[in-house]
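I have placed the structure first, in the form of structure tokens, so that the comments after it can refer back to it.
Start at 1 and go down the list; that is how both ligands and their atoms are numbered. What you see is a predicted model, and the numbers here were worked out from it, not measured in a lab.
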Amino acid sequence: MTDSIDRLFGFKRPHGRFLERRLPDRLKERLNYLYCFGGITFTLFLMLLFTGLLLSVYYSPSEEHAYESIVRIQETVFAGALIRAIHKWSANLMVVAMLVHMARVFIHGAYRHPRELTWVAGTALLVITLAFGFTGYLLPWNQKAYWATVVGTAMPGTLPLIGEGLTLLFRGGEDVTGETLVRFYSIHTHWLPVVTFVMLWAHFHMIKRRGIAGGM
Ligand code: HEM
């Protein structure tokens, strides 16, 4: 926020603890856009949250109505196709931005002590983000979604001992049915967002405590 605006709002001083962070010297000398990718990933997550909330107003997570509710969003609901497209694009871009962020952190060796827990929380966020993608893919309830989930949920089935149980757990039965759809909807819109908030808090808390690494 520029000083002239802040003179009117007086926002900086009371919130200084959150706004003012120490940066590595090399960043103060020359801006490196690679350091923006954590923030870009977070911005995309917020966009997904907002567009996802809007989609949930019209989406119906049932075997009978899921597909037609998507068609309705796409063809009848005001700006439905746009909101759905933003949700899809943000999801894809979030994975890309997260991988660039992760590569930046790796190349700079910023995963090393004392930031190992920041890295661990980040790894959890990576798994959660991929789980968002996997569970969201089934929701349109079309042929592509259905068969992708048949294959995806069969994969853990090849694991010794626990495999069969895992497939049953994911599908909510022997086959991919309406039961699986409700299960994936619940995971996609309730469980994963809650776990994401916890892990984001952990990630940001560690960044605040340990600061941003100086790089190479
Ligand atoms: C939802 C996903 C994620 C979000 C929103 C996020 C956000 C952020 C932000 C805003 C920063 C501050 C510095 C920067 O932007 O480069 C950061 C730093 C960091 N992130 Fe992430 N991150 C995510 C995923 C990950 C992943 C997948 C990893 C690695 C497995 C990771 C590891 C780290 C580490 C080690 C730092 C400290 C870097 C340093 O000190 O230079 N993050 N993250």
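Using a 4.0 Å heavy-atom cutoff, Phe106 is absent from the residues neighbouring ligand 1. Put simply, part of Trp119 is less than 4.0 Å from ligand 1, judged by heavy atoms. Under the 4.0 angstrom criterion for non-hydrogen atoms, His108 is not in contact with ligand 1.
A side-chain hydrogen bond (donor to acceptor under 3.5 Å, both in side chains) check over residues 68-80, counting only residues at least two apart or in different chains, returns the pairs His65-Glu68, Gln74-Arg84. Within the structure, every pair that satisfies the side-chain hydrogen bond (donor to acceptor under 3.5 Å, both in side chains) test and touches residues 145-171, not counting sequence neighbours, is listed here: Gln143-Trp147, Thr153-Arg171.
Other residues, nucleotides and ligands contribute more than 12 heavy atoms inside 6.0 Å of the CG atom of Leu8.
Below 4.0 Å from some heavy atom of Met94 lie the following atoms of ligand 1, by number and element: 1 (C).
Classification of the Phe106-Tyr111 ring pair by plane angle, with boundaries at 30° and 60°, yields parallel.
Between Thr41 and ligand 1, no pair of N/O atoms sits closer than 3.5 Å. Taking only nitrogen or oxygen atoms, main chain and side chain alike, Ile207 does not reach within less than 3.5 Å of ligand 1.
Of the listed residues (Met102, Arg112, His203), the one carrying the non-hydrogen atom nearest atom 31 (C) of ligand 1 is His203.
With Thr129 as reference, Val95 is the one residue of Leu192, Val95, Thr41 to meet the side-chain contact (heavy atoms from CB on, under 4.5 Å) rule.
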